[in-house]
2 protein chains.
Amino acid sequence: MDQRVLQATAVLRRHGYKLTKPRRLLLEWFYRRGEHASAQEVFDSLCRQGQEIGLTSVYRNLEVLVKVGLVRQICFHDGCHRYEPVAPGEHHHHLICSDCGQIIKFHGCTFDRELAERLEQETGFMVNCHQLQVFGTCKFCQQESATKRRTV
Amino acid sequence: MDQRVLQATAVLRRHGYKLTKPRRLLLEWFYRRGEHASAQEVFDSLCRQGQEIGLTSVYRNLEVLVKVGLVRQICFHDGCHRYEPVAPGEHHHHLICSDCGQIIKFHGCTFDRELAERLEQETGFMVNCHQLQVFGTCKFCQQESATKRRTV
DNA sequence: ATTCTAACTGAAAATGAGTTTCAGTTAGAC
DNA sequence: GTCTAACTGAAACTCATTTTCAGTTAGAAT
C-alpha cells in the first residue's frame, strides 16, 4: 500500500475508525489525483475505474476524513462542497473566477502565527486552520466581457 | 428612506435593476440587523415583522444584491449560504467554531495589495475580493471536550 | 482460527437549500 | 396615462446531502 495511505490509515485508527474498503478507495483516489473534487465527481471517477462503492459511503467517509484532518472541505459557491487532501507541510489557497468558476491554486499565504495568536487572545478560541478564497475574473472572461461590450 | 438604502438604490439603478418592494425590504433588513444570515433566516425575520415577501424573491434578490456588490455571500460549511451587507471601507472576516458553529467577526486582515498584484501578474486574473475563514474551537467547546475527556 | 459485536456498508427514502416555471403585477421610461 | 420589460409569489422541481434500515465486516476478544 502507498506510504501516504498507510500513514493516513494510522491516523484513522488513532481516531477509532476502521480501515474499510470505501475509506481506502477514497484515500487512494485523493492521493493519486485529488484536487478540489466534489463528492459526486469522486464517486463518478471511482465508478469509471470499476471500483465498487456507494455514493452514501463517499459522503459519509468524506465527512470522516475531514473530521480527522486528512481532507479539507472547501466552498467555491458553485453548488456543492469540494474536497482535497491535506498534505502536511504544504499550504495553498484558491483563486476563483466569479464568471466561469475556473479555480487556480496558489501559494504564499499571508495569514501568520501572529494574527492567529491575536485572535486566540482576543476571543479565547483555539485556532486550528484557515481558508482563503480570492475571487476575480480570469483572463478569458475579461476578454469575453470586453468583446461583448464592444459588440452590444 | 435611510441614507444607506438610498445609496444602494442608486447602485441597483446603475446596474439596470429597478427598486422593487422585496429589494427595499432586503436592503432595509440588512442595514438594520444583518450579520451573516441565511436566506431562510432573512425570510423568517421579515415575515415575523409582518412584511409580505416570498421566499423565492429573497433568494432571487440576494443573488442580485451579491451581483452588484451590495451583499457578500459566505459559506461556513453549516448547510446553507449566509449573507451580509458590504460596508464600503469596512473589512472583516470570520472566526468559526468547528464544534458549535459560533461565528465571531474580526478585523485585521493580512491579505494585501502586494499579494493581489502578484496573483494578477502570475495568473492574468483581475482580483476583485477575497474571503478568509479561520476555523478553531471556541472557549466553551474547549471546556466541554476537556470535561468529557475527564469523565469518560 | 473462530466468535462476537460495534462499526460499517449500500440502496432507497427523505430532507432541505436553492432554482425554474408561469401567470399575473409593477416600476419607471415614454 | 400608456406601455412593456422586468419583476413578483406560489407551486413544482432539482439536486446535494442525510437518514433509515437490513445486512456485512473489521478487528478485538477468546
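All chains are named by letter (A, B, ...) in the order of the sequence lines, taking the proteins before the strands, and each is independently numbered beginning at 1. All heavy atoms count here, side chains included; hydrogens, waters and symmetry mates do not.
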Checking side-chain contact (heavy atoms from CB on, under 4.5 Å) between B:Cys109 and each of B:His92, B:Gln131, B:His93, which is the one that passes? B:His93
Find the distance A:Leu12:CG to D:dT25:P and express it as a whole number of Å. 19 Å
Distance-only donor-acceptor hits, side chain of residues 44-53 of chain A, under 3.5 Å, sequence neighbours excluded:
| from | atom 1 | to | atom 2 | distance (Å) |
| --- | --- | --- | --- | --- |
| A:Asp44 | OD1 | A:Gln40 | NE2 | 3.2 |
| A:Ser45 | OG | A:Trp29 | NE1 | 2.7 |
| A:Ser45 | OG | A:Arg33 | NH1 | 3.4 |

Separation of A:Phe76 atom CZ from D:dA16 atom P, in whole Å? 17 Å
Candidates C:dG28, D:dT8, C:dT9 - which lies nearest the side chain of A:Arg23: C:dT9
N/O (side chain, B:Asn61) to phosphate O (OP1/OP2, D:dC7) under 4.0 Å: no
Evaluate whether atom CD of A:Glu90 has more than 12 neighbouring non-hydrogen atoms of other residues, nucleotides or ligands under 6.0 angstrom away. yes
By nearest-nucleotide position on DNA chain C, the 5'-leaning member of B:Lys18 and A:Gly54 is A:Gly54
Nearest atoms (heavy-atom pairs only) where A:Phe43 meets A:Leu55: CE1-N, 3.4 Å
Under a 4.0 Å threshold between the charged nitrogen and the carboxylate oxygen, would B:Lys21 count as salt-bridged to B:Glu28? no
Which letter, B, S or -, goes with each nucleotide of nucleotides 14-25 of chain C from 5' to 3', with contact meaning a protein heavy atom under 4.0 Å? ---SBBBB----
Where do A:Pro22 and A:Asn61 come nearest, in terms of heavy atoms and distance? CB-ND2, 3.7 Å
Phosphate OP1/OP2 of D:dA26: any A:Arg13 side-chain N/O under 4.0 Å: no
Rounded to whole Å, CD1 of B:Ile53 lies from P of D:dT8 at a distance of 8 Å
Give me the ring orientation class for B:Phe76 and B:His36: parallel if the planes are under 30° apart, tilted from 30 to 60°, perpendicular past 60°. perpendicular
Rounded to the nearest Å, what distance is computed from the CD atom of residue A:Gln51 to the P atom of nucleotide C:dT9? 15 Å
Expressed in angstrom and rounded to an integer, what is the separation of B:Asp78 atom CG from D:dT18 atom P? 12 Å
A:Arg24 CZ - C:dC8 P separation (whole Å): 16 Å
Between A:Thr20 and C:dC8, is there a side-chain N or O to OP1/OP2 distance below 4.0 Å? no
Atom-to-atom span, OH of A:Tyr17 to P of C:dC8 - whole angstrom: 7 Å
If I take atom NE2 in residue B:His15 and atom C1' in nucleotide D:dA5, what distance separates them, rounded to the nearest angstrom? 19 Å
